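A short write-up of the structure that comes next.
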Amino acid sequence: MAESLINNLPGTRDLLPEELVAWHVVEDCARRIFRQYGFLEIRTPIIEPTELFARGIGEDTDIVGKEMYTFLDRGNRSVTLRPEATASVVRAYIQNALYRGSGITKLFYFGPMFRYEKKQKGRWRQFYQAGVEVFGPDHPAIDAEVIEMALRFTESLGVEASLQINSIGCRRCRPPYLEILRRRLQGEISGLCEDCRRRAHTNSLRVFDCKVETCQPIILNLPSIADNLCSECSEHFSRVKKHLDDAGVAYETVPGLVRGLDYYVRTAFEIVSRELGAQNTIIGGGRYDGLSEVIGGPPVKAIGFAVGLDRLAMILPEEKRRSGVWRPDLFIAYKGEAAFRRALLLARDIRRRERSCMLDFSDASLKSQMRLANKINAAHVLIVGDDELSRDTYTLKRMHDSRQWEVTPPELTEYLASCADQGEGQPRSGPRRIE
RNA sequence: GUGAGCGUAGCUCAGCGGGUAGAGCUCUGGAUUGUGGCUCCAGCGGCCGGGGGUUCAAAUCCCCUCGCUCACCCCA
């Protein structure tokens, strides 16, 4: 079906109503928890000058080197679809002088990001992230708070995930460490696999990620960055861990955890799931104290993380997903022209009373209207026909137990008011899996 | 960018030692003149991804192409 205009671009996709149920559960949960910690929403453009990302994320990163959607606009400016949001949020923070005021600014965002990569499980060219950024403090406790919040988020979604943390030092202590590491790898080069030999030069820290058996003994003996931090970074890292311990947060210290963006310093962390494929990172984040200055702003301490919404929606447990399924309170089935007109008036009235209702417009038989009501999982069906019209009543049927009875208009109003919030999270009475 | 696998009905797939397409689900209607889910019956629905070649004959064999998927790299 490689035809014409009826095809989306590779790596993009339509999110259909059924799939979006899981997304809404995830998004609602994120907003709820972010607010508990005092985060406020910010929305920035999804398109920015290329230079913002190139400088902010780092010219040598994969993202900037080969994954950006970059093009010239009609004004001959080089612009880029954002590959991530942190650089934009920092830009907005500086541009709008949000640093004036209290010493701490907490922001969160939601939105699409774009990276020109080959599609894979859990990876798209247009994908969605939520994220948070804290500007101001660099106290270890705020690092721990942010990490703890991320974990609480995945936990309350019922998603199984584990936390990995590391400190990758600062501009002062990282370069000397990398030098030491490179030299050691050079000495062991003959024992390394082909990939690792390449990594030894290009991205030494990645050697830690190698899964090749023969590399393991060498990797285990490599100096870790955590043991080569400057005293300030070392102190910071151990205090972050102490705060995590105090909070009862379980974590694994992973020496090879480095993150792919240049701006990270000190605390780096990831939350990973076993339920995904090769792309198993659900949340990634860390501290980025120098980013503001890199893009021309004042010195700003900052830490944050990004959540992969696509991946979370993908592994959301079924019971959580089910809790977000919507159903109309009422379906109005009618027979005859007079009843149809009555149904329209009634629908208007019901909606004004904050109840949801639907009806059929195809002049279908009562039977097929009932089928439709069942298919859309309506909680009740209201039947309006000649009998009812002549008596000025309706027949109200409760779908889950098939009980039905006659009601007067005021009784209907009262009944609907009494079953408040029945619209969501109720067990389905309709077509169910039978197991 | 590299490698592997796969493209047949709206969906999931069978058919692939050539002989002018099949199942399940979905959908529509009926069995039940005004009543859903279950069951039964019937029906709708396919240039078998596209192009070329071999052959009397190709969904089936060969070549090219496009698309999808997974993996490497890297990341959410």
Side-chain angles (χ1 to χ4, degrees), chain A residues 1-4 6-11 13 16 18 57 61-67 82-86 111-131 150 193-195 198-199 202-203 205-206 209-212 257-261 270-273 276-285 305-314 331 333-336 339 362 364-389 395-404 428-434:
Chain A
M1 263 145 268
E3 262 313 305
S4 67
I6 320 295
N7 277 115
N8 56 319
L9 255 16
R13 61 192 169 143
L16 305 178
E18 195 184 347
I57 298 169
T61 61
D62 277 11
I63 291 177
V64 174
K66 55 182 191 186
E67 294 172 3
R82 64 181 183 196
E84 57 109 40
T86 297
M113 309 294 158
F114 303 83
R115 268 128 81 164
Y116 196 91
E117 299 180 276
K118 266 206 169 170
K119 210 247 169 249
Q120 235 173 287
K121 179 170 181 155
R123 168 189 289 169
W124 294 264
R125 286 183 174 179
Q126 177 177 343
F127 61 102
Y128 296 81
Q129 288 185 335
C193 71
E194 199 178 322
D195 282 341
R198 178 173 44 75
R199 292 189 186 109
T202 57
N203 199 344
L205 287 165
R206 286 282 164 207
D209 288 341
C210 186
K211 288 135 201 149
V212 176
L257 175 55
V258 287
R259 319 278 316 133
L261 299 83
E270 286 185 9
I271 295 176
V272 299
S273 161
L276 289 153
Q279 268 62 49
N280 62 358
T281 303
I282 292 170
I283 294 179
F305 65 74
V307 180
L309 297 176
D310 313 70
R311 292 176 184 178
L312 268 182
M314 198 167 18
F331 184 94
Y334 56 89
K335 178 117 178 20
S362 66
S365 65
L366 193 63
K367 183 193 210 36
S368 57
Q369 291 184 66
M370 290 299 294
R371 282 198 181 135
L372 179 57
N374 185 61
K375 192 165 72 182
I376 64 177
N377 198 26
H380 303 86
V381 173
L382 193 73
I383 298 164
V384 189
D386 297 333
D387 296 351
E388 287 83 358
L389 284 182
T395 298
L396 181 63
K397 177 163 186 170
R398 191 165 57 193
M399 297 297 270
H400 76 86
D401 60 2
S402 297
R403 298 252 302 257
Q404 69 178 51
R428 290 169 64 97
S429 61
R432 307 229 35 197
R433 84 192 72 258
I434 311 145

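Computed from a predicted model, the values in this text were never measured in an experiment.
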P spacing across the pair B/G46 / B/U65, given as an integer number of angstrom: 31 Å
Test item: A/R115 side-chain N/O and A/I63 main-chain N/O as donor-acceptor pair under 3.5 Å: no
Nucleotide B/G67, atom P - distance to CZ of A/R125 in whole Å: 10 Å
Identity of whatever pairs with B/C68 - Watson-Crick or G-U, under 3.5 angstrom: B/G5
Whether A/R311 side chain and A/K121 backbone form a donor-acceptor pair below 3.5 Å: no
Touch class at under 4.0 angstrom, heavy-atom based, for A/E388 against every strand present: base
Spacing of the C1' atoms in B/U12 and B/U26 (rounded, Å): 11 Å
Sugar-phosphate only, base, or nothing, as touched by A/Q404 at under 4.0 Å among non-hydrogen atoms: base
At a cut-off of 3.5 Å, list every protein nitrogen or oxygen paired with a nitrogen or oxygen from nucleotides 68-73 of chain B, distance to 0.1 Å.
from, atom 1, to, atom 2, distance (Å)
B/C70, OP2, A/K119, NZ, 3.4
B/C70, OP2, A/K121, N, 3.2
B/A71, OP1, A/A278, N, 3.1
B/A71, OP2, A/Q120, NE2, 3.4
B/A71, OP2, A/K121, N, 3.4
B/C73, OP1, A/R199, NH2, 2.8
B/C73, N4, A/Q120, OE1, 3.1
B/C73, N4, A/R123, NH1, 2.6
B/C73, N4, A/R123, NH2, 3.1

Sugar-phosphate, base or nothing in reach of A/L312, heavy atoms under 4.0 Å: nothing
Side chain to side chain, A/Q369 and A/F331, heavy atoms closer than 4.5 Å: yes
Touch class at under 4.0 angstrom, heavy-atom based, for A/I282 against every strand present: sugar-phosphate
Whole-Å gap separating P (B/U28) and NZ (A/K367): 12 Å
Face-to-face contact A/F127 to B/A76 six-ring, under 5.5 Å, under 30°: yes
Rounded distance (Å) that lies between atom P of B/A76 and atom CG of A/L257: 11 Å
Spacing of the P atoms in B/U60 and B/G49 (rounded, Å): 8 Å
Inter-nucleotide P distance (B/A23, B/A14), Å rounded: 16 Å
Nearest-Å distance once atom P is located in both B/G52 and B/G10: 24 Å
Integer angstrom distance from the P of B/C11 to that of B/C48: 15 Å
A/L309 to A/Q129 - nearest heavy-atom pair and separation: CD1-C, 3.7 Å
Counter-base of B/C47, judged by Watson-Crick or G-U geometry with both distances under 3.5 Å: none
Side-chain heavy atoms of A/K335 within contact of A/S365, under 4.5 Å: no
For A/F114, ring-ring contact (aromatic ring centres under 6.0 Å, His included) partners two or more places apart: none
Nearest-Å distance for atom pair CG/P, residues A/N374 and B/C27: 10 Å
d(CD, A/E270; C1', B/A76) in whole Å: 9 Å
Min side-chain heavy-atom separation A/D62-A/K66 under 4.5 Å: yes
Any-strand Watson-Crick or G-U partner of B/U54, both distances under 3.5 Å: none
Flag side-chain contact, heavy atom, 4.5 Å: A/Q126 against A/N8: no
Pair assignment for B/G34, Watson-Crick or G-U wobble, requiring both distances under 3.5 Å: none
Spacing of A/D387 atom CG relative to B/G34 atom C1', expressed in whole Å: 8 Å
5′-ward residue of the pair A/R403/A/I283 relative to RNA chain B: A/R403
Separation of B/U35 C1' from A/M399 CE (nearest whole Å): 9 Å
Whole-Å C1' distance, B/G17 and B/G7: 23 Å
Pairwise P distance, B/A42 and B/G24 [rounded to whole Å]: 11 Å
Spacing between A/R371 atom CZ and B/U39 atom P, to the nearest angstrom: 12 Å
Distance (rounded to the nearest 0.5 Å) between A/T281 OG1 and A/R123 CZ: 10.5 Å
